[in-house]
Amino acid sequence: MHLKTRDRQDEWMDEPDIDSTLHADALRGLSRVNRLSGAVRSIWNPIAEVARKRTGGPIRVLDVASGGGDVAIGIKQLADRKGLSMDVVGCDISQTAVEFAGENAKRRNADVTFVQQDVLGQNLPPDFDVVYSSLFLHHLESTDVVRLLGSMRSAARHRVVISDLLRSQLGYVLAKWGIRLLTTSKVCHVDGPLSVRAALTMPEAIELASQAGLTPVRIRRRWPERFLMVYDIEATSQ
C-alpha cells in the first residue's frame, strides 16, 4: 500500500444519511478500539496538567467531534478518581452520536454533557480551558484541518490537544486486520484502512498547525501508531 502521500476519501461513517443502527454499531466498535488502545490515557496528561494548576473551581474541557463519547466520559471518570475538578462537554455534528454518547454517559454514571454542533460551520464556544480532539483530523481535508485548529485555538483559554492516527505501513496493517479482531462492525472494517490512508505524518501535522497559528507545538509518537500534539496558549501570550 502506497502511503507516501495523503489519500483522503469519504468514509462510510461520515455519510450524513448513514443508517442509525449501523452508525451506533460502529460507535460501539470504536469505543472498544479506543479502550484497548488507551485513547483516554494518551490524551489525559496534558489535560490533567491544566487542572492541577487551577485553584478554585473546575476547569472546562471541550471534546471536539466527540463521537460515541467514550473519550470524554473516560476523561471525566479519571478526573473524578484522581480528585481533579473538571467539567467536560462533547460536541458532534451527528445527532445519532450525541444521543448515543448521552446514553453512554448515563449508563456509566458520568456527568458529561453532549451537544450537537457543526464544528466547521460554527464557531466553537470561547469559554473552555482545554479544547481537544481525538481521531478527528484524518476525516478532514487539509484546508478544513487548518480551519478547525484555528477555531480550537480561539476557543481555548490555556491549551489545545490533538490525538490522531499516524499514516504508516504498520498503522495500515493494524487498521485493516487488527480492527477485525476487535469489532464486527462492517463500517469500522471499511473505514479503518481509509482512515490511515487519510491520516497525517507528524511533519504534516506540524505544518498545518503552523498555518493555523499554532506554533510552537509539542508533538510525539504514541502507541499504537498515533501522535499527540499540544499547543499552549500561554506560551504565545507572554
Side-chain angles (χ1 to χ4, degrees), residues 4-8 11 14 39-40 42-54 58-67 71-72 75 86-93 115-168 171 195-222 225-238:
K4 289 186 178 180
T5 58
R6 191 178 185 215
D7 178 22
R8 201 205 71 79
E11 297 185 21
D14 293 332
V40 172
S42 174
I43 209 167
W44 164 254
N45 283 336
I47 298 174
E49 285 173 359
V50 177
R52 292 189 184 103
K53 294 177 182 178
R54 172 62 57 86
I59 69 163
R60 286 176 50 76
V61 179
L62 178 65
D63 182 331
V64 174
S66 49
V71 176
I75 291 291
M86 197 177 293
D87 291 337
V88 182
V89 177
C91 65
D92 200 283
I93 194 172
V115 297
Q116 186 177 23
Q117 178 159 2
D118 179 358
V119 299
L120 293 176
Q122 301 170 300
N123 291 329
L124 297 174
D127 59 345
F128 288 90
D129 297 288
V130 179
V131 180
Y132 77 87
S133 78
S134 177
L135 303 182
F136 182 49
L137 294 195
H138 66 268
H139 289 272
L140 307 177
E141 296 287 357
S142 295
T143 53
D144 285 334
V145 170
V146 173
R147 184 191 311 174
L148 178 70
L149 291 176
S151 181
M152 293 174 71
R153 177 179 181 270
S154 297
R157 285 193 287 253
H158 297 294
R159 182 168 285 180
V160 174
V161 183
I162 304 292
S163 176
D164 218 295
L165 302 173
L166 274 174
R167 191 175 73 250
S168 70
S195 291
V196 176
R197 290 169 63 179
L200 302 167
T201 62
M202 289 198 290
E204 289 169 348
I206 293 170
E207 171 58 26
L208 293 178
S210 177
Q211 291 180 31
L214 280 69
T215 183
V217 295
R218 291 178 283 129
I219 190 168
R220 59 176 174 167
R221 200 180 193 112
R222 298 300 297 262
E225 291 303 280
R226 297 183 182 180
F227 68 85
L228 180 69
M229 184 167 67
V230 178
Y231 170 75
D232 289 317
I233 308 299
E234 296 96 329
T236 59
S237 61
Q238 292 176 350

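Here Ser154 pairs with nothing under the side chain to side chain contact (heavy atoms under 4.5 Å, CB included) rule; sequence neighbours left out. Partners of Val217 under the side chain to side chain contact (heavy atoms under 4.5 Å, CB included) rule, at least two apart in sequence or in another chain, are Ile206, Ala209, Leu214, Met229, Tyr231. Listed by chain and number, the residues in a side chain to side chain contact (heavy atoms under 4.5 Å, CB included) with Glu207 are Gln211 (sequence neighbours excluded).
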Take Leu148 and Met152, measure what side chain to side chain contact (heavy atoms under 4.5 Å, CB included) needs, and give me the verdict at the end. CA-CA 6 Å; Leu148 178 70; Met152 293 174 71; 3.9 Å; yes
Evaluation steps, side chain to side chain contact (heavy atoms under 4.5 Å, CB included), between Ser142 and Leu208: CA-CA 7 Å; Ser142 295; Leu208 293 178; 4.0 Å; yes
Step by step, would you call Leu149 with Ile162 a side chain to side chain contact (heavy atoms under 4.5 Å, CB included)? CA-CA 9 Å; Leu149 291 176; Ile162 304 292; 3.7 Å; yes
Do Ile59 and Arg157 pass the side chain to side chain contact (heavy atoms under 4.5 Å, CB included) test, and can you show the C-alpha distance, the side-chain angles, and the key distance before you say yes or no? CA-CA 10 Å; Ile59 69 163; Arg157 285 193 287 253; over 6 Å; no
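When atom types are taken as modelled, the side chain of Ser66 and the backbone of Cys91 share a donor-acceptor pair closer than 3.5 angstrom. One N or O on the side chain of Arg153 and one on the backbone of Gly213 form a donor-acceptor pair closer than 3.5 Å. Without hydrogens or angle criteria, Gln117 side chain to Asp92 main chain gives no donor-acceptor distance under 3.5 Å.
Of all the heavy atoms in Leu228 and Ser42, the pair that sits closest is CD2-O, 3.4 Å. Closest of all the heavy-atom pairs between Leu137 and Arg6 is O-NH2, 3.4 Å. Of all non-hydrogen atoms in Met86 and Ala51, the two that sit nearest each other are CE-CB, 3.9 Å. Shortest non-hydrogen contact noted between Ala155 and Pro125 is CB-O, 3.5 Å. The two residues Phe227 and Leu166 make their nearest non-hydrogen contact at CD2-CD2, 3.8 Å. Minimum heavy-atom separation, Ser168 to Val196: O-CG1, 3.8 Å.
Atoms NE2 and CZ, on His139 and Arg8 in that order, are 9.5 Å from each other to the nearest 0.5 Å. For the atom pair Arg226 CZ and Leu165 CG, the distance stands at 6.0 Å (nearest 0.5 Å). Taken from CD1 in Ile219 to CE in Met202, the straight-line distance is 6.0 Å, to the nearest 0.5 Å. Expressed to the nearest 0.5 Å, how far OG1 of Thr201 lies from CZ of Arg221 amounts to 10.0 Å. Rounding to the nearest 0.5 Å gives a distance of 6.5 Å between CZ of Arg167 and OG1 of Thr5. How far CG of Asp63 is from CD1 of Ile75: 8.5 Å, rounded to the nearest 0.5 Å.
Under 4.0 Å is where a charged nitrogen must lie from a carboxylate oxygen, and between Arg60 and Asp129 no such pair does.
With contacts defined as side-chain heavy-atom distances shorter than 4.5 Å, the pair Tyr132/Leu62 does not qualify. Residues Arg159 and Asp232 meet the side-chain proximity criterion, which asks for heavy atoms closer than 4.5 Å.
At most 12 heavy atoms of other shown residues, nucleotides or ligands fall within 6.0 angstrom of atom CG in Asn123.
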